[in-house]
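One structure is given here, and the rest of the page talks about it.
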Amino acid sequence: MTKVMDGVRILEVAEHTFVPAASAVLADLGAEVIKIEHVERGDAMRGLASSGIAVVPGSVHTLLESSNRGKQSLGLDLKAPEGLAILYKLAATCDVFLTNKLPSVRASLKIDVEDIRAANPTIIYARGTGQGEKGPDADKGSYDSLAFWARAGIAVGASPAGATTVTPPPAPAFGDSIGAMTIAGGIMGALFHRERTGEATTVDVSLLGTGMWAMSQAIGLSLVLDMPWTAPPGGFGGNPLTRNYVTKDGRILAFTCLQAGKYWPSLCEVINRPELATDERFADHAALVTNSSAAVEILDEVFASATLDEWRDRLGAFTGQWAVAQDTLEAAADPQSIANGYIQDCTTAEGTPFKLVAAPVQYDGQPTTTSRAPEFNEHGDDILQTIGLDMDAIIDLKVKGVVA
């Protein structure tokens with residue numbers, strides 16, 4: 001694959017997933033990423049033992065690997081004047097500075113826009129926040145389960161009608177991962193703008209803003225109709241071909257045929273009920289919606305009469321849009337995932353093999369390849385030498401506790 005970010009150097013002062021995952025995507029695309037970690041403990045993610053749902057395996061810290069793949073690591077004390085001086089020297093060599101530190105923390109550490117721009121006037125300065133750079137909650141931290149999922153309206157929209165509580169996020173770092181792609185795209189746009197105009201910009205992406213964009217059509221409808229977006233009763237509208245059906249072995253077939261009248265005859269053929277194609281109750285889209293309950297009752301019985309494997313075979317001839325509701329292992333093994341290289345092989349520093357999802361953008365018809373996350377401070381000496389420090393100076397900094 002063409003490494004479109006080759007030659008771009010990124011300096012990251014960030015932890016957890018939301019922002020680090022953005023530079024991980026850019027590393028997959030060829031960027032050189034220098035990750036600055038806390039001089040003693042490293043990224044807080046290194047100590048995370050559980051996702052809140054599942055225990056993180058000791059042999060492969062997949063959460064850390066996913067959001068830090070392909071980077072270099074330097075443990076650095078940013079509160080020490082010598083450590084901050086090193087950061088500025090590194091910033092002078094980089095194209096992008098990326099952080100998720102809160103405004104008050106950035107100011108305290110002296111790593112805000114004006115501080116970094118003093119070292120490098122042409123650097124792109126990118127910030128990832130919970131609720132945005134402005135407003136009463138700008139200096140409050142958050143997580144994707146809060147700002148992206150709960151606050152942006154997704155949790156309510158994803159919850160069944162009449163539920164007494166909201167549906168939780170479907171996966172660890174669900175909003176973080178979507179937000180990370182948004183940051184990565186923002187950085188690429190800023191680099192393109194600088195290439196064209198010479199102007200260095202700032203890039204701001206928040207979990208709240210990303211969540212609201214994901215809900216943008218629902219929010220737009222809500223504002224026009226002056227009513228909040230919630231799931232319809234029963235979870236679906238009146239179209240019998242935009243809903244789920246359960247097979248004999250308990251699997252879910254999901255249908256989204258927005259033009260019900262167009263695809264109804266084809267479905268009648270594959271379910272061996274050709275007489276339904278000429279039934280007046282189901283003569284066209286309007287009739288299908290009007291008589292949706294009758295159509296759903298028939299289809300519920302039909303789909304419950306055969307197994308998933310049987311339906312995969314029979315629905316192969318169906319011209320409408322459908323899919324099987326798969327779990328994560330099935331998605332990874334999906335023939336389409338394999339054919340398109342959506343899962344990539346990796347190996348930890350200790351040699352343990354594992355797999356990661358590839359960045360969801362491809363160039364020249366080839367998937368991105370990836371490499372493992374760095375060990376803490378794995379590249380520290382090498383990084384310091386790139387800014388002119390010799391081993392005597394590096395050892396002195398180690399003794400002082402400025403670098404790991």
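Given the structure is predicted, the values throughout are model-derived calculations rather than measurements.
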Report, one line per pair, each donor and acceptor closer than 3.5 Å where one atom sits in a side chain of residues 158-165; sequence neighbours left out.
{"from": "Ser159", "atom 1": "OG", "to": "Ala155", "atom 2": "O", "distance (Å)": "2.6"}
{"from": "Ser159", "atom 1": "OG", "to": "Thr167", "atom 2": "N", "distance (Å)": "2.7"}
{"from": "Ser159", "atom 1": "OG", "to": "Thr167", "atom 2": "OG1", "distance (Å)": "3.4"}

So does Ser104 get a backbone contact from the side chain of Ser108, meaning a donor-acceptor N/O pair under 3.5 Å? no
Under 3.5 Å donor-acceptor, Asn239 side chain and Cys257 backbone: yes
Sequence neighbours excluded, which residues qualify as ring-ring contact (aromatic ring centres under 6.0 Å, His included) partners of Tyr143? none
Pairing of Asp137 and Arg151 as salt bridge, 4.0 angstrom limit: yes
Is it true that a side-chain atom of Lys35 and a backbone atom of Ala14 form a donor plus acceptor pair closer than 3.5 Å? yes
Derivation of the side-chain contact (heavy atoms from CB on, under 4.5 Å) call for Leu299 and Leu267: CA-CA 10 Å; Leu299 293 179; Leu267 183 64; 4.0 Å; yes
Test side-chain contact (heavy atoms from CB on, under 4.5 Å) applied to Leu29 and Val361, Val8, Thr2, the passing residue: Val361
Check for a donor-acceptor pair, side chain of Asn68 on one end and backbone N or O of Pro374 on the other, with a separation under 3.5 Å. no
Between Val302 and Trp311, does a side-chain contact (heavy atoms from CB on, under 4.5 Å) hold up when you go through it step by step? CA-CA 10 Å; Val302 167; Trp311 282 119; 3.7 Å; yes
Step through the shown structure and confirm whether more than 12 heavy atoms of other residues, nucleotides or ligands are within 6.0 Å of NZ on Lys89. no
Do Asp327 side-chain atoms and Leu329 backbone N/O form a donor-acceptor pair below 3.5 Å? yes
Hey, is the main chain of Tyr263 close enough, under 3.5 Å, to the side chain of Ser266 for a donor-acceptor pair? no
Take atom CD in Glu40; do more than 12 heavy atoms of anything else shown fall under 6.0 Å from it? no
Kindly determine whether Arg372 and Glu65 satisfy salt bridge (Lys or Arg N to Asp or Glu O under 4.0 Å), including the steps that lead there. CA-CA 6 Å; Arg372 63 173 176 83; Glu65 293 285 351; over 6 Å; no
Ignoring hydrogens and geometry, is there a side-chain-to-backbone donor-acceptor pair from Ser66 to Thr62 under 3.5 Å? no
Can you tell me if Glu133 has over 12 outside heavy atoms packed within less than 6.0 Å of its CD? yes
Basic-acidic side-chain contact under 4.0 Å: Lys71, Glu37: no
Looking at Lys110, I'd like to know if its NZ atom is crowded, meaning that more than 12 non-hydrogen atoms belonging to other residues, nucleotides or ligands lie closer than 6.0 Å. no
Side chain of His61, backbone of Leu64: donor and acceptor closer than 3.5 Å? yes
Once you measure the plane-to-plane angle for Phe255 and Phe303, does it fall in the parallel (<30°), tilted (30-60°) or perpendicular (>60°) bin? tilted
